[in-house]
Structure formats: structure tokens, C-alpha cells
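Please read the structure below before turning to the comments.
Here the structure is a predicted model, which is why all the values come from computation and not from measurement.
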Amino acid sequence: MLTQVNVEDEIHKLKDQLEQMAAKHNFNFQHPDVISLSQKLDKLITLVMRNKWHGR
């Protein structure tokens, strides 16, 4: 089961991975690997924000 703490830890990991992936691809933000990580990060951030807005 995902908890808010787990999700927030995962967000921090994905941020680090995204930074490394972007650097690996010369900051080409259109590279498919960069986009994929960015989308995963977006989904988790959205999940946290929705839960905070709904008081969960």
C-alpha cells in the first residue's frame, strides 16, 4: 500500500533520476527517456496534491 511518505520518497528519487537522465541526454527534454521519467514524476506529484486538497 502506498502511503504519502512512500510517495514523497519516490518523488525525491524520481527527481534525482530525472536530473541525471536529462544530463545524460545533454538536457534534451524531448528525449523519450526524459519524457517518460517526467511523466512518472508528474503523476506522483498530482497524486500528492490531490490528496492534500481533499484532506487525506
Non-hydrogen side-chain atoms of [X] and [Y] separated by less than 4.5 Å:
X	Y	result
M49	I45	yes
L47	K43	no
I11	V7	yes

Any idea which heavy atoms bring I35 and Q30 closest together, and the distance?
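Closest approach of I35 to Q30: CD1-O, 3.3 Å.
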Can you measure from CE (M21) to NE2 (H31) and round to the nearest 0.5 angstrom?
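Answer for the CE-NE2 pair, M21 versus H31, is 8.0 Å.
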L44 CG to K13 NZ distance, which is reported to the nearest 0.5 Å:
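Here the rounded value is 11.0 Å.
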Report the residues that fulfil side chain to side chain contact (heavy atoms under 4.5 Å, CB included) with S38, sequence neighbours left out, ordered by chain and then residue number.
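Checked S38 against side chain to side chain contact (heavy atoms under 4.5 Å, CB included); matches are L18, D42.
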Sequence neighbours left out, what passes side chain to side chain contact (heavy atoms under 4.5 Å, CB included) with D9? Give chain and number order.
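Testing D9 for side chain to side chain contact (heavy atoms under 4.5 Å, CB included), a comparison that skips the adjacent residues, returns V5.
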Test side chain to side chain contact (heavy atoms under 4.5 Å, CB included) on Q17 and L14 and set out the steps.
CA-CA 5 Å; Q17 290 175 8; L14 282 173; 3.5 Å; yes
E8: side-chain hydrogen bond (donor to acceptor under 3.5 Å, both in side chains) partners, not counting sequence neighbours
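For E8 the side-chain hydrogen bond (donor to acceptor under 3.5 Å, both in side chains) partners, ignoring immediate neighbours, are Q4.
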Side chain N26, main chain N28, donor-acceptor under 3.5 Å:
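No, N26 side chain to N28 backbone: no donor-acceptor pair under 3.5 Å.
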Polar side-chain atom of H25 near backbone of F27 as donor-acceptor pair, under 3.5 Å
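Side chain of H25 to backbone of F27, a donor-acceptor pair under 3.5 Å: no, none is there.
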